[in-house]
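One structure is given here, and the rest of the page talks about it.
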2 protein chains.
Amino acid sequence: MTDLGQEIGLRHRKRAAAMARIQDVALDLFDEHGYERVTVEQIADASDVSPSSVYRYFGSKEQIVLLGEFEFDTSAARLEDDADGSPLDVTRRMLRAVMDHLVGDEERTRRQMRHVMSDPALEAALARQVYAASETLGEVFAERLSRSANDLEVQVLAHVVVGALLGGLHHWQGTAFAEPLRDVLDRCLDLLERGLQIDGAVSRAASP
Amino acid sequence: MTDLGQEIGLRHRKRAAAMARIQDVALDLFDEHGYERVTVEQIADASDVSPSSVYRYFGSKEQIVLLGEFEFDTSAARLEDDADGSPLDVTRRMLRAVMDHLVGDEERTRRQMRHVMSDPALEAALARQVYAASETLGEVFAERLSRSANDLEVQVLAHVVVGALLGGLHHWQGTAFAEPLRDVLDRCLDLLERGLQIDGAVSRAASP
DNA sequence: CGCTCAAGTGACAGTCGCTGTCAAAAGCGA
DNA sequence: TCGCTTTTGACAGCGACTGTCACTTGAGCG
């Protein structure tokens, strides 16, 4: 009965609990039968809520898996915008915030990724989500560099950064999630900082 | 009656004609009412085919807009694999092939992009398609560089290249498609070749 | 406490994208 | 012209998703 220190209102607590329960139940069902062979109605039944509520909470079946995942939080960049740095530094900081959100149970992230990578609908949803992150990142970069958000270089930079991270995600999945995700993504940004000079990969004209 | 030199069989010709007609009719309807407010049944009726045929031809409603668009054709790279070059050179070559396919009527591409950028479902489909292109590109790069297709640097490079192009696409849309798409994408690859050294954008440690 | 109001929930009906099946139609070769 | 194969359209059905509406249930207040 004493305030446990974080939540306000029984309503919000029940809602949060229900969402967590639905996600758990859904992931279990997906693990067992595969994403597309499980209906929202089954998830709802097994979670003791109505299908209506599932859609109210998550909006779509895909978001049961992807909700909140891989979204850049601009506040992480804006809050510290006194501490300046290059866009890549900013990215690292934002990424760290995202990772802290994820790193709690990387096992869950692995389960999610397994389904995402094997189902077209989920893959599309993730791609779109990541794509949206590029826009967010672009706006942050534009502000930092005092350029238009639609500047070609800003857009390319933002999409390149996100692309690099996506490449890392892909690699991570290809190695059966062996290495901690955080390390993989860090190395991706390192590669970008070095300008992708992968022995003649980008330009052969570098050395005569 | 004389052979007009390209098509074989009445069947294939009718099929191709029907697909082209469906796409035209669909784009018109989309322009007028918006993508999601037009049903496949309406498109089918207006095109004098059955809904079944629309799905047989295009597989999904999204593909009526996106079919064949933005797909890298690996054959373009493999065919000329005697002529070697850096991965970026290969990309340019593949991109040129893609562009030649598109440049026929860039006006149509603009119409498509307008819808793609404003509808979530289409945006997701495009994102997924582009994402798939990264995998294709990764395989080509891996072969060129004699590395594993799952190599982190290969994956990052492939996704970065595609990301750069996506950034260009985004910029193109943001400028109301002013410049020819070909030029925009060329400049994206130029930026990559220069290593994204956008006045301290990537790394501030470059100059002390 | 208990009352009132607003917010949240579940049941229902309906739309639409998409899939599978099957008989009819149409191209193709002889 | 006559079979054979492929393609087509009609139909039935599934499941994701939306909107509506009565009902329940926390929240605020006397």
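Predicted, not measured: the structure shown is a model, and the values here were computed from it. Every chain is numbered from 1, with letters handed out A, B, ... down the list of sequences.
Nucleotide C/dG17 holds its P atom 12 Å from the CG atom of B/Leu122, rounded to whole Å. For the pair B/Tyr57 OH and D/dT7 P, the computed distance is 9 Å after rounding to whole Å. Distance NE2 (A/His33) to C1' (D/dG15): 17 Å, rounded to an integer number of Å. For the pair A/Glu36 CD and D/dG15 C1', the computed distance is 12 Å after rounding to whole Å. Put simply, CZ on B/Phe58 is 16 Å from C1' on C/dG17, counting in whole angstrom units. In this structure, CD of B/Gln63 is placed 15 Å from P of C/dG17, rounded to the nearest angstrom. When rounded to the nearest whole Å, the span between CD of B/Glu41 and P of D/dA10 equals 10 Å. In this structure, the CE atom of B/Met19 is 15 Å from the C1' atom of D/dT8, given to the nearest Å.
The shortest distance between the side-chain N/O atoms of B/Ser53 and the OP1/OP2 oxygens of D/dG9 is below 4.0 Å.
When distances are taken from the side chain of B/Thr39 to each of D/dA16, C/dG17, C/dG10, the shortest belongs to C/dG17.
Figure legend: B/Lys61 and B/Tyr55 shown without cation-pi pairing, the cationic atom not lying both under 6.0 angstrom from the six-membered ring centre and within 45 degrees of its axis.
Counting heavy atoms from C-beta on, the side chains of B/Gln129 and B/Gln63 come closer than 4.5 Å. Residues B/Thr109 and B/Trp172 have side chains in contact (heavy-atom distance under 4.5 Å, counting atoms from C-beta outward).
Using a 4.0 Å heavy-atom cutoff across all strands shown, A/Val38 reaches sugar-phosphate atoms only and no base atom.
Note on B/Arg182 versus B/Glu106: no salt bridge recorded, every NZ/NE/NH1/NH2 to OD/OE distance being 4.0 Å or above. A salt bridge links A/Arg92 with A/Asp186: the distance from a Lys NZ or Arg NE/NH1/NH2 to an Asp or Glu carboxylate oxygen falls below 4.0 Å. Between A/Asp119 and A/Arg37 there is no salt bridge, since none of the side-chain N atoms of the basic residue sits less than 4.0 Å from a carboxylate O of the acidic one.
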Q | Per-nucleotide protein contact string for nucleotides 18-30 of chain C (B base, S sugar-phosphate only, - none; heavy atom under 4.0 Å) | A | BB------BBS--
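The side chain to side chain contact (heavy atoms under 4.5 Å, CB included) check on B/Glu107 picks up B/Arg110, B/Arg111, B/Arg114, with sequence neighbours excluded.
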